[in-house]
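Working notes, beginning with the structure itself.
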Amino acid sequence: QVRLAESGGGSVQAGGSLRLSCVSSGGTASRYCLGWFRQAPGKEREGVAIINAGGNTQVADSVKGRFTISRDNAKKMVFLQMNSLKSEDAGTYSCAARRYACMWQPNAYGLWGQGTQVTVSS
């Protein structure tokens, strides 16, 4: 069974950067779609960025030009580089995986990490 675990969250000033990591264990997700989702207090969980097995990516309009998703199948990891962070980017960020095509709806993903917190101060 593939398990996912996120790290790299923290507290940053607006305009700063963070790099989130997610590592898999207990199997391989090399053929899966991997995604990053976030949930702010009082808000529904939303898709941030997704990447398929071939490395093709999509990012949400709200983070386009600022966030980059990447994966390293040899290390069984997926990353989210977040630059020019804004207060509205704050929330709990989770990585997720599904077989096999990428989708934006969180409920389409069956494998989830426990999440890592991102706080942005102005």
Side-chain angles (χ1 to χ4, degrees):
Q1 185 73 33
V2 175
R3 296 180 292 275
L4 306 174
E6 306 93 339
S7 63
S11 181
V12 298
Q13 296 282 339
S17 297
L18 283 173
R19 182 175 173 84
L20 306 184
S21 300
C22 174
V23 62
S24 66
S25 62
T28 180
S30 62
R31 300 172 67 177
Y32 286 30
C33 172
L34 301 173
W36 286 97
F37 298 80
R38 68 187 181 189
Q39 187 169 21
K43 302 290 186 179
E44 295 294 318
R45 185 167 54 186
E46 64 177 351
V48 176
I50 51 178
I51 182 167
N52 72 8
N56 299 117
T57 66
Q58 296 181 55
V59 298
D61 287 343
S62 60
V63 304
K64 190 172 297 181
R66 300 187 296 118
F67 290 13
T68 303
I69 186 171
S70 60
R71 66 193 292 168
D72 186 334
N73 287 335
K75 296 180 178 180
K76 300 182 178 181
M77 298 184 73
V78 60
F79 307 94
L80 185 68
Q81 178 67 47
M82 305 187 294
N83 298 328
S84 302
L85 282 160
K86 305 174 180 179
S87 59
E88 55 261 45
D89 294 319
T92 300
Y93 283 70
S94 301
C95 62
R98 73 178 308 277
R99 303 192 301 270
Y100 293 97
C102 283
M103 295 183 175
W104 280 106
Q105 185 176 9
N107 287 341
Y109 292 77
L111 295 171
W112 291 86
Q114 63 183 320
T116 186
Q117 186 70 32
V118 172
T119 302
V120 183
S121 60
S122 59

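In this text the structure is predicted, and so the values were computed from the model without any measurement.
Residue Leu111 holds its CG atom at 11.5 Å from SG of Cys33, rounded to the nearest 0.5 Å. Once rounded to the nearest 0.5 Å, the distance linking CZ of Arg98 with CG of Asn107 reads 11.0 Å. A distance of 15.0 Å separates OG of Ser7 from OH of Tyr93, quoted to the nearest 0.5 Å. Atom CZ of Arg45 and atom CD of Gln105 lie 10.0 Å apart (nearest 0.5 Å). Residue Leu80 holds its CG atom at 11.0 Å from OG1 of Thr116, rounded to the nearest 0.5 Å. In this structure, Met77 CE and Leu20 CG are separated by 10.5 Å, a value rounded to the nearest 0.5 Å.
Across all their heavy atoms, Ser24 and Val2 have their closest contact at CB-CG1, 4.0 Å. Heavy atoms only, all atoms of each residue included: Ala60 and Gly47 are closest at CB-O, 3.6 Å. The minimum heavy-atom distance linking Ser94 with Glu6 is given by the pair CA-OE2, 3.1 Å. Heavy atoms only, all atoms of each residue included: Val120 and Ala90 are closest at N-CB, 4.1 Å. Of all the heavy atoms in Ser122 and Gln13, the pair that sits closest is O-OE1, 4.0 Å. Contact detail for Ser62 and Arg38: the closest heavy-atom pair is OG-NH2, 3.5 Å.
Checked against ring-ring contact (aromatic ring centres under 6.0 Å, His included), Tyr32 has the following partners two or more places apart in sequence or in another chain: Tyr100. Applying the salt bridge (Lys or Arg N to Asp or Glu O under 4.0 Å) test to Lys64 and every residue at least two apart in sequence or in another chain returns Asp61.
Transitive grouping of hydrophobic side chains (ILVMFWY, heavy atoms separated by less than 4.5 Å) brings Val48 and Ile51 into a common cluster. By the rule that hydrophobic residues join a cluster once side-chain heavy atoms approach within less than 4.5 Å of another member, Ile50 and Leu4 end up as members of separate clusters. Cluster membership check: Val118 does not share its hydrophobic cluster with Phe79, using side-chain heavy-atom separations under 4.5 Å among Ile, Leu, Val, Met, Phe, Trp and Tyr. At a threshold of 4.5 Å between side-chain heavy atoms, the hydrophobic network of Ile, Leu, Val, Met, Phe, Trp and Tyr places Trp112 and Val23 in two separate groups.
Ring planes of Phe37 and Tyr109: perpendicular class, angle over 60° (limits at 30 and 60°).
The closest side-chain heavy-atom distance from Phe67 to Leu85 is below 4.5 Å. Contact check for Ser17 versus Gln81: side-chain heavy atoms found under the 4.5 Å cut-off.
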